[in-house]
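Remarks on the structure that follows.
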Amino acid sequence: NNTIINKGENMSQDKNIDPQVLEYSEKLTRLGIKHEIITHPELKNARQTLGYFNLTMSDGVATLLMKGNDKFIAIVRRDDCQLNLDKIKEIFGFNSLRMATPEEFVEITKLPVGTARPYLPGVSTLLDQRLFEKESLIGGSGSFNCSIKYQTSDLKKIPGSKAAEVSFIDKEKTILEKGTKHRVFSGCRPTARLHIGNYLGAVKGMIDLQNRGDLDCLYSVVDLHGITTPYNSKTFQSQIRAIALDYLGAGLDPEKCHFMIQSQVPQHVELAYFLGTIYPVSRVEQLPTYKDKKKENPDYINVGLFYYPILMAADILVYKAELVPVGLDQEPHLEVTREIARKFNSMFGRTFPEPQRFATTGEYIPSLKGEGKMSKSVEGSYILLTDDLETIKKRLAGAPTDSGRGSVVPKEGGVANLLELVRLFEGDKGYEGYVKDYLGVGIRYSELKNELSEAIYKELKPIQERRAFYEQNPKLVTEILEQGRQYASQIAKATLTEVKEKMGFI
Ligand code: TYM
């Protein structure tokens with residue numbers, strides 16, 4: 001029930017299209033950029049959107065907001081292409097270049113993260129030459145419910161844009177559409193109990209993928225990553241168990257996926273060592289995740305922490321996994337993983353795929369404290385999957401609010417975060433109701449928080465019941481983990497043999 005709407009006179013009468021998209025479409029028309037609006041159900045990323053229309057990654061166009069030195073630029077490239085960052089730096093004369101953070105993205109584009117569109121007024125735009133090999137491409141519209149089919153030659157009419165060849169074709173990006181059984185890997189550290197950020201950003205995606213039935217899903221408690229920040233060795237095993245129970249309670253189904261403990265498959269560490277020898281120190285030092293952890297624990301900056309992204313790459317590559325369901329915060333680590341895969345392949349011959357992130361609707365869950373993301377390491381920022389109704393109410397009671405009404409609904413801070421949780425747990429209708437109240441009669445936060453607590457608890461209750469079942473059957477859990485270990489080991493061993501052969505050890 002998706003409609004392709006030809007750009008025509010009376011399009012603005014179509015009630016289903018986000019007015020922001022219509023406004024954007026009008027701007028494109030004024031610039032002479034031919035296009036069509038395509039409506040569809042909410043789709044979160046290029047792979048999902050193109051897959052929905054039975055298209056391949058070479059039919060999509062992505063807009064990447066980047067920051068070079070102190071300037072924001074937009075790079076527009078095809079979805080099956082990887083950027084040559086050095087070339088872009090050279091063109092703009094930058095000595096540093098990185099992706100914009102989600103916060104920067106929202107500030108500059110005023111669009112939800114994940115909906116970037118090629119024309120971003122005021123931002124210099126570089127069009128990758130490969131775009132023009134295709135007559136038209138499907139790309140972002142600023143809304144998750146619409147895409148836009150652009151006539152590529154017209155993209156050159158974007159003010160302040162120039163074209164240059166800055167990409168190469170990434171064959172792996174098209175791979176998931178074809179035949180064989182593809183592999184999925186994801187993991188979670190046993191640093192604290194799972195919170196609803198972990199659940200919405202990662203575990204829900206893991207469940208979606210296991211339920212597809214055509215993928216080989218391996219999921220893990222990544223205990224070795226858990227010791228890079230301060231931890232208690234005495235309680236560590238029970239901590240790992242607790243996370244395993246959280247996972248099983250949340251819906252990981254041992255009939256549909258393999259579930260294991262990272263340290264029980266020693267090939268992860270072995271591969272990490274090999275991969276570490278081909279990856280530059282300087283690149284790890286630049287990672288925002290590494291910098292953040294250094295700031296969080298200034299007295300605990302250990303070599304293990306530095307090795308974190310390499311071990312994560314090894315976790316994924318040891319199984320040659322192609323899809324990784326994780327939250328938005330893990331994207332820099334996936335970029336490292338792809339870089340390592342590419343480097344290894346170019347040095348020793350084709351071995352690894354370049355894995356992609358599988359995004360969920362809740363890929364970035366904000367903190368209850370009104371600033372930053374929900375995080376295990378920030379007390380007061382989270383709601384745990386094991387929280388009862390009273391605890392949820394108490395935690396939400398601490399979330400900052402305002403007077404409850406105003407002429408503009410806040411886009412960030414405590415109120416914005418509460419409304420985001422409303423949207424995720426009570427749906428668009430609930431969200432829109434509160435937005436209307438905010439702009440009109442005013443929101444009574446005690447009521448909002450009460451309703452939200454109930455909605456969250458409603459989703460958590462069956463999780464807690466399933467968790468209790470596994471908690472009462474510890475032998476079953478041990479068996480599940482042992483089966484997972486065995487299954488994972490045979491794949492990991494085969495990869496290590498191949499890597500050692502290629503690197504000259506066998
Ligand atoms: P960890 O343990 O910090 O978090 C587990 C998962 O939860 C997601 N997540 C969030 N998603 C949305 N909103 C939030 N506020 C939020 N907070 C956490 C994370 O993105 C993650 O998916 N490095 C990984 C663990 C790891 C891993 C791997 C993951 C190690 N090796 C291999 C995948 C594949 C991490 O720190 O997760």
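We count ligands from 1, going down the list as the structure has it; atoms in each ligand are counted the same way. All residue numbers refer to positions in the sequence shown, counting from 1. On a predicted model such as this, the values are computed, not experimentally measured, just so you know.
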Pull out every atom of ligand 1 sitting under 4.0 Å from any heavy atom of [X], numbered as shown with elements.
{"X": "H195", "answer": "17 (N)"}
{"X": "E363", "answer": "11 (N), 12 (C), 13 (N)"}
{"X": "V324", "answer": "33 (C), 34 (C)"}
{"X": "A202", "answer": "6 (C), 7 (O), 22 (O)"}
{"X": "Y308", "answer": "23 (N), 24 (C), 25 (C), 35 (C), 36 (O)"}
{"X": "G362", "answer": "12 (C)"}
{"X": "C188", "answer": "2 (O), 5 (C)"}
{"X": "D315", "answer": "28 (C), 30 (C), 31 (N), 32 (C)"}

Among protein heavy atoms, which sits nearest to [atom], and what does the distance come to when rounded to 0.1 Å?
{"atom": "atom 4 (O) of ligand 1", "value": "N198 ND2, 3.4 Å"}
{"atom": "atom 2 (O) of ligand 1", "value": "R189 N, 2.9 Å"}
{"atom": "atom 25 (C) of ligand 1", "value": "G187 O, 3.7 Å"}
{"atom": "atom 32 (C) of ligand 1", "value": "F185 CE2, 3.5 Å"}
{"atom": "atom 11 (N) of ligand 1", "value": "G197 O, 3.2 Å"}

Between Y247 and F259, how do the two ring planes meet: parallel, tilted or perpendicular, split at 30° and 60°?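 Because their plane-to-plane angle is over 60°, the rings of Y247 and F259 count as perpendicular.
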
Parallel, tilted or perpendicular: which fits the ring planes of Y382 and H195, with parallel below 30° and perpendicular above 60°?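 Parallel, since the angle between the ring planes stays under 30°.
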
My understanding is that we take every heavy atom of each candidate and find the minimum distance to atom 24 (C) of ligand 1. Doing that for Q262, Q330, M206, which one comes out nearest?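 Heavy atom nearest to atom 24 (C) of ligand 1 belongs to Q330.
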
Can you give me the closest heavy-atom contact between K369 and V378, atom names plus distance?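 Looks like CD-CG1, 4.0 Å.
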
If you round to the nearest 0.5 Å, how far is CG of L311 from CD of Q262?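 Rounded to the nearest 0.5 Å, the CD-CG separation comes to 5.0 Å.
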
Lys/Arg N to Asp/Glu carboxylate O, [X] vs [Y], below 4.0 Å:
{"X": "E498", "Y": "K502", "answer": "yes"}
{"X": "R467", "Y": "E471", "answer": "yes"}
{"X": "K291", "Y": "E285", "answer": "no"}
{"X": "E339", "Y": "R342", "answer": "no"}
{"X": "K204", "Y": "E459", "answer": "yes"}

Applying a heavy-atom cut-off of 4.0 Å, say which part of [X] lies close to ligand 1: side chain, backbone, both or neither.
{"X": "V203", "answer": "neither"}
{"X": "H225", "answer": "side chain"}
{"X": "V326", "answer": "both"}
{"X": "D329", "answer": "side chain"}

Would you call D223 and P190 a side-chain contact if the rule is heavy atoms closer than 4.5 Å?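 Yes - at least one pair of side-chain heavy atoms lies under 4.5 Å apart.
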
Matching residue for F274 among F352, F505, F348 - test: ring pair (Phe, Tyr, Trp, His ring centres under 6.0 Å):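 Of the listed options, the one satisfying the test is F505.
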
Please identify each residue that fulfils salt bridge (charged side-chain N to carboxylate O under 4.0 Å, His left out) with R466, with sequence neighbours left out.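 Here no residue qualifies.
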
Below the 3.5 angstrom mark, is there an N/O of S186, backbone or side chain, next to an N/O of ligand 1?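 No; the residue has no nitrogen or oxygen that sits under 3.5 Å from a nitrogen or oxygen of the ligand.
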
Would I365 count as being in polar contact with ligand 1, using the rule that some N or O on each side must be under 3.5 angstrom apart?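 Looking only at distances, the answer is yes, because the N/O contact criterion of under 3.5 Å is met.
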
